[in-house]
**Student:** 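One structure, pasted below without further comment.
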Number of protein chains: 2
Amino acid sequence: MPVKVTILGAASAKPTADRHPSAQIVNVNEQYYLVDAGEGVQQQMFRRGINPLKLRAVFISHLHGDHVFGLFPLLSTLGLYGRQTPLTIFAPHPFGEILDCFRRYFEQHLQYDIEWTEVDTTSHALLFENRTTEVWSIPLRHTKPAAGYFFKEKTPALNVDKFKIDRYGLSVAQIVAAKRGENITLDDGRTIPNGELTYLPYKPVSYAYMSDTNYSARAAELIRGTDVLYHEATYASDESAAARERGHSTAAQAAKVALLAEAGKLIIGHFSSRYKDPRILLDEARAIFPNTETAEEGKTFEIGRG
Amino acid sequence: MPVKVTILGAASAKPTADRHPSAQIVNVNEQYYLVDAGEGVQQQMFRRGINPLKLRAVFISHLHGDHVFGLFPLLSTLGLYGRQTPLTIFAPHPFGEILDCFRRYFEQHLQYDIEWTEVDTTSHALLFENRTTEVWSIPLRHTKPAAGYFFKEKTPALNVDKFKIDRYGLSVAQIVAAKRGENITLDDGRTIPNGELTYLPYKPVSYAYMSDTNYSARAAELIRGTDVLYHEATYASDESAAARERGHSTAAQAAKVALLAEAGKLIIGHFSSRYKDPRILLDEARAIFPNTETAEEGKTFEIGRG
């Protein structure tokens with residue numbers, strides 16, 4: 001299955017009647033990851049038919065309220081629903097202290113474990129890994145320590161072409177060797193290059209999340225070739241001074257990062273409340289990076305296997 | 001103007017896609033008070049056209065998350081909007097410690113003062129008073145220390161009937177004395193009883209909020225004669241064991257409190273998520289107290305001056 005990104009919130013710090021603060025679900029091969037958790041995220045999940053009990057891990061970019069205030073109500077609700085499975089949370093320092101406050105005053109007896117790690121926001125490191133997926137941190141440039149997150153599908157095991165198996169009469173040992181990527185020498189002495197025998201069952205895809213941040217060429221380098229990039233675009237270029245000062249980006253800067261990273265697609269979000277309609281931000285980004293879309297709440301972007 | 005109560009949330013601890021946790025605005029003579037602050041309360045205020053900057057004071061019934069998690073995002077937003085006016089908050093212990101955690105990790109530099117008081121949930125005390133209004137605490141019976149809040153308009157100053165002023169040729173001094181409630185002796189020796197000269201410009205009204213709580217006859221006595229009572233009705237009577245154990249009430253118990261308090265009207269809310277339609281709770285309450293309505297989100301109840 002492809003990777004699916006469902007936007008739950010794309011507002012900046014000042015929420016509006018119809019825009020929720022930052023939150024999205026990244027579904028990689030039916031493993032559900034929550035990226036940022038603005039106020040109301042649990043209700044947004046209910047509205048989109050996403051069961052919070054399915055969450056495997058949570059990735060918080062930084063500890064401004066509009067990216068994390070929805071986490072604590074969600075943790076309480078998981079308790080009410082009787083979650084037993086441990087939940088993994090990644091967030092910058094001092095997340096552990098904040099979690100202690102929450103547990104001390106609100107949830108002293110959660111039945112499930114919260115396994116949390118404070119992310120080093122200065123390094124590009126492998127944070128999380130399972131059979132099919134890796135998640136890497138991306139150092140961002142904001143007014144508080146902030147990390148982006150880079151989701152990468154692992155390269156799947158090679159498949160051996162059934163027709164080639166018959167044609168060359170490969171033995172089980174030879175098939176296993178071919179799956180390992182080896183060239184195969186037949187009984188008649190011929191050597192068949194591995195590339196002729198095997199193929200990738202699918203092309204692994206990747207997704208990068210970068211919010212909140214100033215323009216960062218370094219970050220762009222770290223996600224080079226990403227299939228899809230979500231990048232904040234809080235302001236239009238006529239507010240670039242405000243963007244720089246407040247640790248945010250303009251739509252044009254988001255597009256430049258996508259261009260530099262050679263991304264397949266750009267999704268912009270985290271719009272300032274002054275933009276009732278983000279069209280002006282979309283147009284500004286598309287002038288530089290045409291394959292740009294806006295993060296509309298409730299919209300799901302499918303990545304790969306298309 | 002009448003007292004207006006606008007329901008922002010009427011769900012219990014488990015939110016649903018379309019029901020928000022407890023929160024409501026009590027508008028007394030255009031002074032805005034927030035009673036409980038479940039997650040999403042600031043967006044609910046925006047949706048109802050209520051400007052959060054207008055809030056004069058906040059009253060938190062107890063420190064379960066579904067009654068207070070929306071307060072901290074609201075406090076942050078008030079900072080973003082440049083509030084300068086102090087905000088008064090009443091909540092049970094250990095609210096001060098929780099507020100310290102919030103300020104330490106999220107808002108070290110709010111420009112407005114937060115004047116908070118920890119409410120003694122065992123006593124019926126006058127907490128807040130201004131020219132037109134008093135707010136009293138109501139001891140509740142819940143699994144955490146909890147207080148209800150009783151809003152009472154003060155008796156307005158007497159008006160002197162203009163026709164009587166002419167008829168009896170009252171002097172300014174006599175008018176002032178009549179306003180004080182005194183009987184007036186005319187020059188010809190006749191004494192006019194105050195009641196013949198004066199009238200109340202309006203009948204002061206009252207509103208009582210009781211959530212979360214088990215049935216409490218004592219609380220009912222404390223709000224005797226209230227024009228409107230909001231009382232939690234988390235369950236129907238077939239769940240009375242769960243209600244008792246979890247510190248909640250059935251719809252029938254809410255109606256019994258309204259009956260005992262001789263309330264003019266009952267509003268029930270804080271419905272368990274198991275009741276997709278609160279009709280069963282409304283019917284149960286109306287069988288005992290006919291003038292009952294359900295707390296529908298966005299609905300405004302007007303009290304008095306009708």
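The chains referred to below are lettered A, B, ... by the order of the sequence lines, with proteins before strands, and numbering in each begins at 1.
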**Student:** Quick check on the interface: out of Thr77(B), Val68(B), Thr16(B), Ile98(B), who has the most heavy-atom pairs with chain A under 4.5 Å?
**Tutor:** Ile98(B)

**Student:** Under a 4.5 Å cutoff for heavy-atom pairs, which residue among Gln44(A), His20(A), His64(A) has the most contacts with chain B?
**Tutor:** His20(A)

**Student:** Atom OG of Ser273(A) and atom CZ of Phe46(B): how far apart are they, to the nearest 0.5 Å?
**Tutor:** 8.5 Å

**Student:** Under 3.5 Å, is there a donor-acceptor pair linking the side chains of Glu39(A) and Gln42(B)?
**Tutor:** yes

**Student:** Measure across Gln43(B) and Arg19(A) and return the closest heavy-atom pair with its distance rounded to 0.1 Å.
**Tutor:** NE2-O, 2.9 Å

**Student:** Looking at Gly40(B), Gly38(B), Gly70(B), Ser76(B), which makes the most heavy-atom pairs under 4.5 Å with chain A?
**Tutor:** Gly40(B)

**Student:** If you measure from OH on Tyr105(A) to NZ on Lys144(B), what distance do you get to the nearest 0.5 Å?
**Tutor:** 11.0 Å

**Student:** Which heavy atom of Arg47(B) sits nearest a heavy atom of Ala17(A), and at what distance?
**Tutor:** NE-O, 3.0 Å

**Student:** Looking at Pro21(B), Pro94(B), Pro15(B), which has the largest count of heavy-atom pairs under 4.5 Å with chain A?
**Tutor:** Pro15(B)

**Student:** Would Phe69(B) and Phe106(A) count as a close aromatic pair, with their ring centres under 6.0 Å?
**Tutor:** yes

**Student:** What part of Glu97(B) lies closer than 4.5 angstrom to a heavy atom of chain A: side chain, backbone, both or neither?
**Tutor:** both

**Student:** Between CZ of Arg104(A) and SG of Cys101(B), what distance do you get to the nearest 0.5 Å?
**Tutor:** 5.5 Å

